[in-house]
Participant: 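There's a structure below that I have some questions on.
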Amino acid sequence: MTALHRIGVFDSGLGGLTVLNAICAANKGLSIIYFGDTARVPYGSRSVETIMHYAEQDVRFLLSKDVEAIVVACGTVSAIALSELHKTFPIPIIGVIEPACDAAANLTVTRHIGVIGTHATVHSSAYSNYINERYPDCTVSGIECPLFVPLIENGFREDDPISKMIVERYLSPIRNTDIDTLILGCTHYPFLIDTIRETLPGVQLIDIGVTLAETVGKTLPLSKSIGDNFVEYCFSDRETGFRRFDSEHLRSLPNGPIKAVNIESF
Ligand code: DGL
């Protein structure tokens, strides 16, 4: 395969920027189209049919920008739609599930892995299906955290008492269990990672953006050119003001044009 220069990355909103950040930190000379579907976020509370429909439109938009491969920087779309996207579109499309599960299975000592995610992700059993097949000695427990994405999209950061209260509410039931490794199964969740760590002391956390970025580097023949990365940021509604967030999860993002997209037309 010839070297790839131009890739597409998409998510329902802000979360995929944590994946984009990890990709930009690890690579140079790429031209990247990022799409955040801010008009329709959150995806995770919607039906399988709606998520599939949104995912196909997101991919068609990126293909219209001549991308050579697509990174699904969304746990929900990866869980619900990845295999259909592979059947429908003839270009490399990479999702978050497998790299995160492999990383968790390599780390866990108790062989009990937790997965937190959106309603759709947890109900899809995508993480547990993959782990049960590959690592039959592991047990997987899924915990849905439906308020995390709206919290983050609405600008609540982890030092906010409301964020701390919601994290405690969802995650205290798994404190002091034998879960020793937790997959943050949604790309928005790194924005809450310190609070999650405080809530579950001693539990190893898997950031699916980081494991996905490593897989992208290993599986796609990315260009080895040495110039700066170029990113065009596209959103289907207002952009979320992400430039103003002072987060280590966004620090490697280059400046780039911000564009509006009418996603319903794809
Ligand atoms: N970042 C998406 C994910 O990884 C958020 C899904 C949503 O919009 O609910 O699942």
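Atoms within each ligand, like the ligands themselves, are counted from 1 in listed order. Every value quoted in this text rests on a predicted model; they were computed, and no experiment measured them.
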Participant: Among residues two or more places apart or on two chains, list those pairs meeting ring pair (Phe, Tyr, Trp, His ring centres under 6.0 Å) that have a residue in residues 130-177.
Facilitator: Phe148-Tyr170, Phe148-Tyr189
Participant: Mind listing the N or O contacts between ligand 1 and protein, cut-off under 3.5 Å?
Facilitator:
| residue | atom | partner | partner atom | Å |
| --- | --- | --- | --- | --- |
| ligand 1 | 1 (N) | Asp11 | OD1 | 2.9 |
| ligand 1 | 1 (N) | Asp11 | OD2 | 3.2 |
| ligand 1 | 1 (N) | Thr187 | OG1 | 2.8 |
| ligand 1 | 1 (N) | His188 | ND1 | 2.7 |
| ligand 1 | 4 (O) | Gly75 | N | 2.5 |
| ligand 1 | 4 (O) | Thr187 | N | 2.9 |
| ligand 1 | 4 (O) | Thr187 | OG1 | 3.3 |
| ligand 1 | 8 (O) | Ser12 | OG | 2.6 |
| ligand 1 | 8 (O) | Tyr43 | N | 2.7 |
| ligand 1 | 9 (O) | Tyr43 | N | 3.2 |
| ligand 1 | 9 (O) | Gly44 | N | 2.7 |
| ligand 1 | 10 (O) | Gly75 | N | 3.4 |
| ligand 1 | 10 (O) | Thr76 | N | 3.0 |
| ligand 1 | 10 (O) | Thr76 | OG1 | 2.6 |

Participant: Between atom NE2 of His249 and atom CD1 of Ile193, what is the distance when rounded to the nearest 0.5 Å?
Facilitator: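 Between His249 NE2 and Ile193 CD1, I get 5.5 Å after rounding to 0.5 Å.
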Participant: Does atom CD of Glu133 have more than 12 heavy-atom neighbours, drawn from other residues, nucleotides or ligands, at distances under 6.0 Å?
Facilitator: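 Open.
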Participant: Ignoring hydrogens and angles, tell me if any N or O in the side chain of Glu168 forms a donor-acceptor pair with the backbone of Thr199 under 3.5 Å.
Facilitator: no
Participant: I'd like to check the ring-ring contact (aromatic ring centres under 6.0 Å, His included) partners of Phe61; sequence neighbours left out, ordered by chain and number.
Facilitator: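 ring-ring contact (aromatic ring centres under 6.0 Å, His included) list for Phe61, sorted by chain: Phe35, Phe266.
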Participant: Do any pairs count as a salt bridge (Lys or Arg N to Asp or Glu O under 4.0 Å) and have a residue in residues 103-123, sequence neighbours left out, and if so which ones?
Facilitator: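 Found Arg111-Asp137.
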